[in-house]
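Working notes for the structure below.
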Amino acid sequence: MKIKHLAIRSASAAALVSCTLAAGLPAPAVAQTTPGEVISTKVPLEQLAALPAMSNLRLSPDGTKIAAQLGSGNDFVYAIIDLQDGGKATPIASAGTFKETGQRSVFGYEWFDDRYLLMTLASRENVYGTRADIYRLVAFDTTSGKLHDVGWDDAMADASNVLYRDKENKRILLARQANRRGDTERMFLYQVDWVDVATGKVLSTEQRKNPIVNGWVADSDGVVRMGVAYDRNSGEQRYLYRSRENENFRTVARVTDEHFTGSGIQPLVFLDEPDMAIVRSNHEGYDAIYKANLSNMEIVEKLFSIDGYDVSGVIPNAEDNGILGYTYATDRQYREYTDPRFAQIQEFLREEFGKGNAQIVSTNDAETRMIVALSRPAQLPSYYLYDVESGSFNLISYTHSELKDGVLNPVEMVRYTASDGLEMEAVVTKPRLRSQQKDLPVVVLTHGGPYGVRDYASYDQWAQAIAEQGYVVVQPNYRGSGGYGAEFVKAGRSDGFGTRMQDDLNDVVDYLDAQGLVDKDRACMMGWSYGGYASARAAQRDPQRWDCTIAGAGVYDLPRMKQYDLTYLGEFGANYLAEGASALADVSPARNAGGTWSPILIVHGVRDPRVPIEQARILRGALQGAGKQEGVDFAYLEQPKNGHYGAFFTKEERLEWLGGASAWLAKHNPSYIPSDPDYEDRPPLDPAAKKMGERLGIEDL
């Protein structure tokens, strides 16, 4: 059978031309794996850094349209693909449209019904002298082809939390911060309003502000049933609940999450049974799914857990009064369906493509059409439209227009023991083009967070790009990482930034060296956000271990950052920094700039809303003040339009990051040295790395 697919063409970042359907259908896979072959030649960074050609697909309720993000050159657009009109794509807006207006970006989108797509915009702005995250809803009308605001009347920081969708009356129940009467004391508290989706206008207020409530939750009938209060200074979280409409709210639980482990019962789905809900809790050490009575917050029954790992959440049904299954992660992210229909489909997909290789991304309301993403760990997803009743499985598009379903560097999860005996996992990406897989140079790619975040054995753009240059890339899930239970987070909290957590990054190199895969004397570190901090700390604390480091968007002066966070997170939230350190200054790279350092490349976005650009500038000044030479001991790059979350907005910024990192590595830790058996066959330095090396003043590349 032939493949049927949507061929997407983009003339520019702001305009799309039509998508068309080719003829034919694909045959099902028979080798229990996804389509695609291993790419046998080196892929340039220019390709690896490309924006996704298609991502974030959402199928409309009737299954006739797809909302998607489409890459185009140095930008991307949001579009509606009409499956009934030959795959024609209608652009909603380019990302740049939102980016240049208050630094807004699209936080997510979902279909309200077959006509309207609701989109959440996010930005960080100055509100009465305080930096605040601003969230807004807009709706795209597929009939008129226009965008309009939803619930913006008198809105303050957040007007985006949709609690209930009343499709029959074209309205949503929206929890939002509003300030109609100039009540400055309550301007950041939430009320719940009915909002007309078609006009965007506020119709009426369903739940007035409560002096302590920071957020509301509604059941599947649109009744506001729970309020959650959070004290920024004490950290106490308080749950207020009522069993039915017109009852008063009463406090049913108080929780203080002292270790930032996600303590307490977190309601996920209200059931039709009185007071019963599906909840997530880690009271037994790991996040698991339970049935609970919300009137007294008592656990009734355990429904699902995974030994040694946290359960991520549940998959709600269309009515939002029950579940279809569970989401969890071990080496990769998985779904386990309990609904018989979905369980049967999942089993079919596993048999055809292998466990974890096929994920149901989106379905229509009738559950007869589904978007399925196919990918192996070393492969970007390809998107297929699966018609359950006919059995047709049709290619929509590839994530990457040039790589398509090509397989790159192999990825696996390994388990290692840290020097103090604690076991943990790490993702290892091996360079497929090296003639032998031993004694290779290594780059430790450290994830951000650090708490509640982890890496998976799946395709990672940065890991693949660096492995393509000839390095083993390892991504440790060091203590404090999410997904491994409360005690694992506490182990990171108690030992804190820059101490035992830093040792875990050293220990993984020793482990891989003992396995013979890497040479620990050819090691560098790279990371963003907390990973940027860890890279700078590695350069400052352990220069004898690291040939170089690459630090992006990191915190380098912790006392100064804590002062910033007192406003942003409150007194309690600001305490996430370096609990186990003797003093914040002791583990701040910028306050310890003297002495020997590993060569360090510093990259930061000027528009970073989470870690101010001053952190990078302070580190640069401290290094200069300590007598270190720019271009030799360190290199420095500011990206004028880059932020923090989602890392890189444009392809150009991605190339600066990956090209700059590759150049820094080539200078201080070459991937090929004369003793390597494949030295004579080494590929030339990537053009993007060479270009960035020249910009950064790196000599002798």
Side-chain angles (χ1 to χ4, degrees), residues 418-420 424 426 442-451 453 474-481 491-510 520 523-562 565 576-604 610-612 614-623 625-626 628 633-636 661 664-665 668-669:
S419 52
D420 68 344
M424 56 196 66
V442 60
V443 175
V444 175
L445 181 57
T446 308
H447 69 68
Y451 310 115
V453 181
V474 57
Q475 298 166 270
N477 286 327
Y478 48 84
R479 71 193 66 211
S481 299
R493 289 284 301 146
S494 62
D495 290 316
F497 281 45
T499 53
R500 268 279 9 148
M501 291 166 70
Q502 202 72 26
D503 294 339
D504 295 342
L505 309 178
N506 298 347
D507 294 341
V508 73
V509 175
D510 291 341
K520 66 179 181 180
C524 288
M525 190 185 294
M526 174 180 176
W528 191 263
S529 193
Y530 174 81
Y533 163 80
S535 294
R537 178 66 168 153
Q540 173 258 316
R541 191 190 80 153
D542 300 315
Q544 75 284 355
R545 292 192 64 108
W546 303 99
D547 292 305
C548 69
T549 70
I550 300 108
V555 175
Y556 311 118
D557 185 326
L558 273 65
R560 196 176 187 94
M561 189 67 194
K562 184 168 184 177
D565 281 341
Y576 81 93
L577 282 171
E579 184 181 67
S582 57
L584 294 180
D586 292 344
V587 294
S588 294
R591 298 203 178 195
N592 297 276
T596 302
W597 275 53
S598 301
I600 180 171
L601 168 62
I602 305 161
V603 182
H604 213 107
R610 179 64 190 98
V611 181
E614 69 170 353
Q615 285 285 324
R617 292 172 179 172
I618 287 170
L619 179 57
R620 182 190 195 185
L623 293 174
K628 293 177 173 57
D633 303 306
F634 73 95
Y636 184 82
W664 200 244
L665 291 168
H668 299 287
N669 184 22

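Please read these numbers as outputs of a predicted model, since none were measured by experiment.
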### Task
For residues Pro476 and Asp504, determine if any side-chain heavy atom of one lies less than 4.5 Å from a side-chain heavy atom of the other.
no
### Query
Looking at Arg545 and Asn506, what are the two nearest heavy atoms and their distance?
NH2-O, 3.0 Å
### Message
I'd like to check Val555 versus Gln615 (side-chain heavy atoms, cut-off strictly below 4.5 Å). Are they in contact?
### Response
yes
### Query
Between Leu584 and Lys562, which heavy-atom pair has the shortest distance, and what is it?
CD1-CD, 3.8 Å
### Query
If only atom types and distance count, is the side chain of Asn477 paired as donor or acceptor with the main-chain N or O of Ala426 below 3.5 Å?
no
### Nearest non-hydrogen partners of Pro543 and Ser598, listed with the distance
CA-OG, 3.2 Å
### Query
Do the side chains of Tyr533 and Pro450 get nearer than 4.5 Å, heavy atoms only?
no
### Task
Determine yes or no for a side-chain-to-main-chain donor-acceptor pair under 3.5 angstrom, with Thr549 supplying the side chain and Ile600 the backbone.
no
### Query
Within the side chain of Trp546, is there an N or O that forms a donor-acceptor pair under 3.5 Å with the backbone of Ser535?
no
#### Entry: Close side-chain approach of Ser588 to Leu558, heavy-atom, < 4.5 Å
yes
### Message
With a 3.5 Å distance limit and no angle check, can you tell me whether Lys628 reaches the backbone of Thr596 through a side-chain donor-acceptor pair?
### Response
no
### Task
With the side chain counted from C-beta on, respond yes when Pro559 and Arg591 share a heavy-atom pair under 4.5 Å apart, and no when they do not.
yes
### Distance (rounded to the nearest 0.5 Å) between Leu445 CG and Leu505 CG
11.0 Å
#### Entry: Tyr636 side chain vs Phe634 backbone, donor-acceptor pair below 3.5 Å
no
### Query
What are the two closest heavy atoms between Asn592 and Trp597, and how far apart are they?
O-NE1, 3.3 Å
### Query
Which atom names give the shortest non-hydrogen contact between Met526 and Val443, and what distance separates them?
CB-CG1, 4.0 Å
## Note on the structure
What one should report as the nearest heavy-atom pair of Arg541 and Gly498 is NH1-O, 3.5 Å
### Nearest-0.5 Å distance, CD1 of residue Ile550 to SG of residue Cys524
6.0 Å
### Lys/Arg-Asp/Glu bridge criterion (N-O < 4.0 Å) met for Asp503, Arg479
no
### Query
Are any of the side-chain nitrogens in Asp507 or Arg500 under 4.0 Å away from the carboxylate oxygens of its partner?
yes
### Query
Using 4.0 Å as the upper bound for N to carboxylate O, is an ion pair formed by Asp565 and Arg610?
yes
### Task
For the residue pair Met525 and Gln502, establish whether any side-chain heavy-atom pair is separated by less than 4.5 Å.
yes
### Residues which pass side-chain hydrogen bond (donor to acceptor under 3.5 Å, both in side chains) with Gln540, listed by chain and number, not counting sequence neighbours
Arg537
### Query
Should Thr446 and Met501 count as side-chain neighbours, where that means a heavy-atom distance under 4.5 Å?
no
### Message
When you compare the side chains of His447 and Tyr478, does any donor N or O come within less than 3.5 Å of an acceptor on the partner?
### Response
yes
### Close side-chain approach of Leu623 and Ile602, heavy atoms under 4.5 Å
yes
